[in-house]
Participant: 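What follows is a structure written as structure tokens; I'll ask about it next.
Just the heavy atoms: all of them, side chains too, but no hydrogens, waters or symmetry mates, feed the values below.
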Amino acid sequence: LPWRRRGKAEQRVLSLTHKTQSEPTLSEELHVEKITELRTIGSYSAAVRQAITAHSEYPLSLPVMVLLCKCANDEASSLHKGPEQEKALRTGCECAAKLIKHHPSEAAGWKWWAVLEGRLSSYKPTKEKIASAIDIKTYALKAIELDPTDPVQLHVVGAWCHGVAKISWIERKAAEAIFGTPPTSTVEEALTYLERADAIEGFTENSMLMGDCLKELGKPEEADQYYKAALQQIQGPKDAESVRKKIVKRMTKR
């Protein structure tokens, strides 16, 4: 709303914009600074718009493309499931594909394509969802090959393995019709990737999924340890209470 009070950080970003209005274009560094500040204050939609502008002016810039992928993912996370969220995910996926094309030796493009395409699959019919599943794992594994120290891409593969292990009978039959031999995995395989991610850095989504895997493997006490870790790892106020309730609900001892 035009009359709402703005925080100092947002005022600084806006003033930065006003100072450069007379310029035909901003420097790449200034674009990156503005996008980063908008992300920091939680103005995700504005950050996406700024990143799109920056990408149009610096189409081969690695930092700009990486930021656009991150901003699109941020914006999607801030929205409820629906057309706007799907649009944000598609924007990020398209940018990740360009990132792979122009910077194939960088892990970021492979990682963000796998992350965003994985989220986008929920908007696809069963046939397309299954068809993209193989690519998601392939791209995530490529990202791990290029940068084995990033816990997020290890988590992506772990989540993929868990999802495939829990695939419904209908989806499995559809996969058989498409591939003949559908993709397979196990909860145990999922856990190996999640443990590798946790060894690098613990974070809520990973710890929660580790708890789910251990619970499904009949190890409720170990599962609760990771659920407790997930509670401690929650960052920021956004959706913190709903995430906390989701985790507590999974615990056997509360």
Participant: Are Leu146 and Tyr139 joined in one hydrophobic group, where the rule is that I, L, V, M, F, W and Y side chains link up if heavy atoms are under 4.5 Å apart?
Facilitator: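 Result: yes, single cluster for both.
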Participant: Any donor-acceptor pair under 3.5 Å linking the side chain of Ser43 with the backbone of Arg39?
Facilitator: no
Participant: Less than 4.5 Å apart, side chain to side chain, heavy atoms only: is that true for Asp224 and Leu214?
Facilitator: no
Participant: Are Ile35 and Cys71 packed together at the side-chain level, in the sense that at least one heavy-atom pair is separated by less than 4.5 angstrom?
Facilitator: yes
Participant: Could you check whether atom NZ of Lys124 has more than 12 heavy atoms from other residues, nucleotides or ligands sitting under 6.0 Å from it?
Facilitator: yes
Participant: Between Arg119 and Glu75, does any side-chain N to carboxylate O distance fall below 4.0 Å?
Facilitator: no
Participant: Would you say Ser61 and His55 make side-chain contact, with heavy atoms under 4.5 Å?
Facilitator: no
Participant: Take atom NZ in Lys245; do more than 12 heavy atoms of anything else shown fall under 6.0 Å from it?
Facilitator: no
Participant: With rounding to the nearest 0.5 Å, note down the distance linking CD1 in Ile136 to CG in Leu120.
Facilitator: 8.5 Å
Participant: Parallel, tilted or perpendicular: which fits the ring planes of Tyr58 and His31, with parallel below 30° and perpendicular above 60°?
Facilitator: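 Judged by the thresholds at 30° and 60°, the geometry between Tyr58 and His31 is perpendicular.
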Participant: Looking at Glu37 and Lys34, is there a salt bridge between them, counting it only when a charged N and a carboxylate O are closer than 4.0 Å?
Facilitator: no
Participant: Heavy atoms only: give me the nearest Ala133-Trp160 pair and the separation to one decimal.
Facilitator: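 Minimum heavy-atom separation between Ala133 and Trp160: O-NE1, 2.7 Å.
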Participant: Within this structure, what is the OG-OH distance for the pair Ser207 and Tyr227, rounded to the nearest 0.5 Å?
Facilitator: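 So the gap between those two atoms works out to 11.0 Å.
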Participant: For the OH atom of Tyr226 and the CG atom of Leu231, what is their distance to the nearest 0.5 Å?
Facilitator: 14.5 Å
Participant: Could you walk me through whether Val156 and Lys111 pass side-chain contact (heavy atoms from CB on, under 4.5 Å), step by step?
Facilitator: CA-CA 8 Å; Val156 169; Lys111 164 188 170 178; 5.9 Å; no
Participant: Starting from the C-alpha separation in whole Å, work towards a yes-or-no answer on side-chain contact (heavy atoms from CB on, under 4.5 Å) for Thr192 and Glu188.
Facilitator: CA-CA 7 Å; Thr192 62; Glu188 289 86 352; 5.8 Å; no
Participant: Under the criterion side chain to side chain contact (heavy atoms under 4.5 Å, CB included), which of Lys129, Glu86, Glu128 is the partner of Tyr123?
Facilitator: Glu86
Participant: Check side chain to side chain contact (heavy atoms under 4.5 Å, CB included) between Thr36 and all other residues, then give those that pass, not counting sequence neighbours.
Facilitator: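 Here the qualifying residues are Val32, Thr40, Leu67.
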Participant: Given the rule that I, L, V, M, F, W and Y join up when any side-chain heavy atoms are under 4.5 Å apart, are Val187 and Leu209 in one cluster?
Facilitator: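 Val187 clusters together with Leu209.
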Participant: Got a list of side-chain donor-acceptor pairs under 3.5 Å for residues 102-110, not counting sequence neighbours?
Facilitator:
| residue | atom | partner | partner atom | Å |
| --- | --- | --- | --- | --- |
| His103 | NE2 | Leu60 | O | 2.9 |
| Trp110 | NE1 | Pro104 | O | 2.9 |

Participant: CG of Leu194 to CD of Glu205: how many Å apart, nearest 0.5 Å?
Facilitator: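 Going from the CG atom of Leu194 to the CD atom of Glu205 covers 11.5 Å.
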Participant: Grab the two heavy atoms, one from Cys93 and one from Trp113, that are nearest each other, plus how far apart they are.
Facilitator: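 Nearest pair, atom of Cys93 first, then Trp113: O-CD1, 3.8 Å.
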Participant: Where the side chain of Gln85 meets the backbone of Ala76, is there a donor-acceptor pair that is under 3.5 Å apart?
Facilitator: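 Checking the backbone N and O of Ala76 against the side chain of Gln85, a donor-acceptor pair under 3.5 Å is found.
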Participant: Quick one, Gln50 and Leu38 - any side-chain contact, counting heavy atoms below 4.5 Å?
Facilitator: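 They are in side-chain contact.
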Participant: Heavy atoms only: give me the nearest Leu68-Cys95 pair and the separation to one decimal.
Facilitator: CD2-SG, 3.6 Å
Participant: So, applying side chain to side chain contact (heavy atoms under 4.5 Å, CB included) with Leu191, which one of Asp198, Asp212, Leu217 is it?
Facilitator: Leu217
Participant: Would you say that Ile234 contacts Arg244 through its side chain, given a criterion of any heavy-atom pair below 4.5 Å between the two side chains?
Facilitator: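 Of all side-chain heavy-atom pairs linking Arg244 with Ile234, at least one is under 4.5 Å.
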Participant: Is there a continuous path of hydrophobic side-chain contacts, each under 4.5 Å between heavy atoms, that joins Met208 to Met251?
Facilitator: yes
Participant: Look up atom SG in Cys69 and atom CG in Leu89, then write down how far apart they are to the nearest 0.5 Å.
Facilitator: 11.5 Å
Participant: Find the distance between OG1 (Thr91) and CZ (Arg49) and round it off to the nearest 0.5 Å.
Facilitator: 12.0 Å
Participant: Mark yes or no for whether Gln153, through its side chain, and Ala140, through its backbone, hold a donor-acceptor pair below 3.5 Å.
Facilitator: no
Participant: Share the residues that join Val157 in a hydrophobic cluster, the rule being Ile, Leu, Val, Met, Phe, Trp or Tyr side chains under 4.5 Å apart at the heavy-atom level.
Facilitator: Leu141, Ile144, Leu154, Tyr193, Ile200
Participant: Give a yes-or-no answer on whether the side chains of His162 and Glu216 include a donor-acceptor pair shorter than 3.5 Å.
Facilitator: yes
Participant: Between Asp135 and Glu117, does the side-chain contact (heavy atoms from CB on, under 4.5 Å) criterion hold? Intermediate values first, please.
Facilitator: CA-CA 9 Å; Asp135 288 338; Glu117 180 65 22; over 6 Å; no
